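Below: the structure, in structure tokens.
Note that this is a predicted model, so its numbers are computed, not measured.
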Amino acid sequence: HEIKTVENSTFTSKKILVAAGAFSNSMQLLPEKLSVKLKSETTILARISSEDAAQFQTLPSLLYEIDIPEIQNIYLLPPVIYPDGNYYLKMGGNMPGDFYFETLQEIQQWFYTNEFDGNREKLQKFLRLLVPDLDSKEFFTKRCIVTQTVHGKPYIGASRDKGVYVAVGGNGYGAMCSDALGKLASHLVIHDAFSKDFSADEFLPNYK
């Protein structure tokens, strides 16, 4: 397989893993399009001190199946250090104004749009309810896309193009289990088989 980048570099490989999330159906990365739905999502980051980060290190990844008009299905991640050297708690959830994308242009416009939006106050409110001891005066919203699969589990498997594999579709849970999914996908690429603890049928890619 030959890969050409926008910088005009060329790479060759016997095997390729496509893990491009919402962009996996774009730019001819795969021989055929995956059957996925792409939903907008807004996340909030709360900057905390390194001391508070140490306190929250035992905080587990949280899924809160809530269904009220303001927000549904909250997830919260333990503190992570970001490239700017600061620690952040990250929370996201389904909001009433979320919508689905049909084209690459719509996806690009979503990320190009100004960062601030009306979801910030709602997300900040619920984050403080979930973590009452949160000592943060800086909050940032970020735009995200949830890639939803047909069967609700990630697509991890071989494509119909020999040597090309996919790992796509977090279904809203990718941020909290990406390491495990990456290990599963890399095992498949290296050994051309799933590890004995999992069945390939559970993660079978569906195509349009």
Ion pair check, Glu32 and Lys208, cut-off under 4.0 Å: no
Closest heavy-atom pair and its distance - Lys125, Glu70: NZ-OE1, 3.3 Å
Tyr64 atom OH, neighbour heavy-atom count above 12 within 6.0 Å: no
Main-chain N/O of Leu45 paired to Lys90 side chain as donor or acceptor, under 3.5 Å: no
Any donor-acceptor N/O pair, Glu106 side chain to Glu102 backbone, under 3.5 Å: yes
Minimum-distance pair of heavy atoms, taken over all atoms of Tyr155 and Leu204: CD2-O, 3.4 Å
Option among Ile145, Val150, Val146 that satisfies the side chain to side chain contact (heavy atoms under 4.5 Å, CB included) test with Gln148: Val146
Donor-acceptor pair, side chain of Asp179 and main chain of Cys177, under 3.5 angstrom: no
Sidechain-backbone polar pair: Thr149 side chain, Val36 backbone, donor-acceptor under 3.5 Å: no
Backbone of Lys153 reached by a side-chain donor or acceptor of His151 within 3.5 Å: yes
Heavy-atom pair of closest approach, residues Val166 and Pro205: CG2-CG, 3.7 Å
Donor-acceptor pair, side chain of Asn171 and main chain of Tyr173, under 3.5 angstrom: no
Heavy-atom side-chain contact between His1 and Val164 under 4.5 Å: yes
Ring geometry between Phe194 and Phe203 (parallel below 30°, tilted from 30 to 60°, perpendicular above 60°): parallel
Shortest non-hydrogen contact between Leu30 and Ser24, atoms and distance: CD1-O, 3.8 Å
Side chain Gln72, main chain Ile68, donor-acceptor under 3.5 Å: yes
Ala158 to Tyr165 - nearest heavy-atom pair and separation: CA-CD2, 3.8 Å
Among Leu181, Thr147, Asn25, Leu29, side chain to side chain contact (heavy atoms under 4.5 Å, CB included) partner for Val168: Thr147
Nearest heavy-atom neighbours spanning Cys144 and Thr43: CB-CG2, 4.2 Å
